[in-house]
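Working notes, structure below.
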Amino acid sequence: MTKRILKITAAVLVTLLVLFALQRVLTPKYVSEAQDGRLIAEYYSSAKNHDVVFIGDCEVYENISPVTLWEEYGISSYVRGSPQQLIWHSYYLMEETLKYEKPDAFVFNVLSMKYGEPQSEAYNRLALDGMKWSASKVDAINASMTEEEEFITYVFPLLRFHSRWSELKAEDFRYAFQKAPQLSINGYLMRIDVDGVEELRKGQELADYSFKDICWEYLDKMRLLCQENGVKLILMKAPTNTPQWYWYDQWDVQVEAYAKEHGLRYYNFLKNTEEIGLDYTTDTYDQGGHLNLSGAEKLSKYFGNILVQELKLESHHGEKDYQQVWDTLCAQYEQIRQTQERLLAENGKLTGFTGLD
Amino acid sequence: MKKYSIAILLLAAVLLLCACTGTTPDTTGASGNSNAGASDTPIGYLFTYNGLEFGVDMPAADVLKALGTPKDKYTSKSCAFNGEDTVYYYSSIQVSTNNEQGYERIYSIYLEDDLVSTQKGICVGSTEAAVKEAYGEPGSKSSDAALIYEKDGMTLTFNLKDGKVTTIIYNLV
């Protein structure tokens, strides 16, 4: 009888191991495609002693350089960004971050106020699959799922990705049981190339400029969460110059009124491009959609000065715990920059982000 | 052999699971590079420009060729998915396309001045009453700021200010 139980147990264990291995192989690694899907998970290996944590979509992870904030002001920061991060993703990432550390401030980029409903499963996956399991992740999944999605597929991704078997690449096996190389520098994704734009783009007129109730609800939740935890909430709008992600004055007025009503600081950097020194002919790599390294460093230098004043931050330069970590990060930043310079010289263009691989 | 039966059965189930053809979330932004399966027929309300009739949800290539060189063009990648969006700027109109499905498809036509009009003669500057007379009662999503008409999975929106049309948009829902 005991022998039979042992055999059954062994059979079940073997099956579970096979299923686990299959799941590891079949789950996307975001190495050659949709690289920014690796961003959320990279946070867990960072030092959790940040003065400022930026939360939001590509307007934070491509436009804010933590290394510049460190080098210029001794500010320790991290960017918890993911592609088209929606406001409920941001809220739960903020909640989760507070379980690891209590920064002086969260800076939330407000572009996602324009999205009142889940946009696609793919973006949910990029924001949620990288999160460690916690109550925040469970709530985030429940808040984010599109009608076609099922919670169980987040618990067992094999159920969702099993049909990738015919699309598998070498990277799926290579990184099945080991981490893919680090892509970001504290959440920042670098692009050094230039594809500028001469004129200022304008968005197409909209039928309705009001933000959806759910966006206001989550902004309220963020504000209260920060209040309860003694963390300052700062709102920002990154400078971009595209018709697709145009930031309308009608939206700006609403965010400004909210910030004023609740005593929050709101910085719309679209209004300060001259002071920042931004030049859309040289400081963007995709005709105004996102800033390149030159633009991100200018914006970070400008914003860093504000953060120092606003939060009364003191430089951590020379503090052993910080200096060691940031020396490494600065060297990695330089390494990525040099890699991109080499690729640019060899190929005449960059086709994606490069990390420490 | 019997002792392995459970494991064999379970593994068979796993292999079956892997072999079945579910839908993989799009992690590439493009699912092909042809427009096979796409219909050349536009849906809903159509638009005529320089004698060319077209609409949303149709392949853009032939339309763009017929429209000639745009005054300006702007292409942007989505953050990670859904291919590239391109806006083509012509005199009086903007045509927006997306190549998510591996080929450029028109998803929006934007009329910005009174040199062009809809097939029912409405242009920028027309009154709200004229729009209603031409198109009937608007859909439920309409407001004081816009009259919205839905047809065959697309919308025709007349944005209004002080009772007059300011812009007109043909949009894929």
Side-chain angles (χ1 to χ4, degrees), chain A residues 3-4 7-8 10-16 18-19 22 26 28 30 33-37 57-59 61-62 82-85 119-126 148-149 158-167 197 199 201 204-210 242-245 286-290, chain B residues 2-30 72-82 84-87 89 94 96 108 110-112 124 141-143 145-148 155 157-161 166-169 171:
Chain A
K3 209 174 170 185
R4 187 178 161 80
K7 281 177 185 170
I8 292 172
V12 169
L13 284 175
V14 167
T15 307
L16 287 175
V18 171
L19 282 171
L22 277 172
L26 288 165
Y30 304 119
E33 289 165 355
Q35 295 157 294
D36 19 21
D57 49 22
C58 52
E59 291 203 354
Y61 70 73
E62 297 197 44
S82 59
Q84 208 184 74
Q85 191 180 102
Q119 299 295 298
S120 81
E121 181 200 1
Y123 289 113
N124 284 340
R125 291 281 171 188
L126 295 181
E148 294 77 27
E149 290 181 79
L158 179 62
L159 296 171
R160 187 67 189 96
F161 295 111
H162 62 266
S163 58
R164 284 192 74 242
W165 65 274
S166 57
E167 304 164 13
V197 58
E199 70 274 29
R201 307 281 188 181
Q204 297 182 346
E205 205 169 307
L206 303 182
D208 183 3
Y209 293 92
S210 54
T242 71
Q244 276 93 338
W245 299 302
D286 56 0
Q287 297 186 30
H290 307 92
Chain B
K2 196 179 171 184
K3 63 184 179 184
Y4 297 117
S5 58
I6 296 171
I8 289 167
L9 276 174
L10 288 169
L11 281 172
V14 169
L15 293 173
L16 199 65
L17 187 71
C18 291
C20 75
T21 53
T23 310
T24 307
D26 181 10
T27 56
T28 63
D72 194 8
K73 173 184 154 180
Y74 172 77
T75 300
S76 71
K77 277 190 178 177
S78 95
C79 288
F81 296 114
N82 304 326
E84 290 177 331
D85 290 334
T86 302
V87 186
Y89 298 85
Q94 296 173 20
S96 301
S108 167
Y110 184 80
L111 281 55
E112 52 187 343
V124 169
K141 289 178 184 167
S142 300
S143 65
L147 300 177
I148 303 171
T155 58
T157 302
F158 297 93
N159 288 316
L160 302 170
K161 194 173 178 189
T166 54
T167 48
I168 301 168
I169 311 167
N171 234 337

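Being a predicted model, the structure only gives us computed values, none of them experimental. Throughout, protein chains are lettered first and strands after them, A, B, ... in sequence-line order, and every chain is numbered starting at 1.
Between Tyr74(B) and Glu199(A), the closest side-chain pair of non-hydrogen atoms is not below 4.5 Å. You'll find the side chain of Gln244(A) stays beyond 4.5 Å of the side chain of Ser96(B), heavy atoms only.
Looking at Leu206(A), the atoms closer than 4.5 Å to chain B (heavy atoms on both sides) all sit in the backbone: N, CA, C or O. Only the side chain of Ile169(B) comes within contact range of chain A, judged by heavy atoms closer than 4.5 Å. Residue contact with chain A, scored on non-hydrogen atoms closer than 4.5 Å, involves the side chain of Ser108(B) exclusively.
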Working for side chain to side chain donor-acceptor pair (under 3.5 Å), residues Ser76(B) and Gln287(A):
CA-CA 7 Å; Ser76(B) 71; Gln287(A) 297 186 30; over 6 Å; no
Starting from the C-alpha separation in whole Å, work towards a yes-or-no answer on side-chain contact (heavy atoms from CB on, under 4.5 Å) for Asp72(B) and Arg201(A).
CA-CA 11 Å; Asp72(B) 194 8; Arg201(A) 307 281 188 181; 2.9 Å; yes
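Contact detail for Glu205(A) and Tyr110(B): the closest heavy-atom pair is N-OH, 2.7 Å. Nearest heavy atoms, Ala207(A) versus Ala146(B): CB-CB, 3.4 Å.
Residue Asp208(A) holds its CG atom at 10.0 Å from CG of Asn159(B), rounded to the nearest 0.5 Å.
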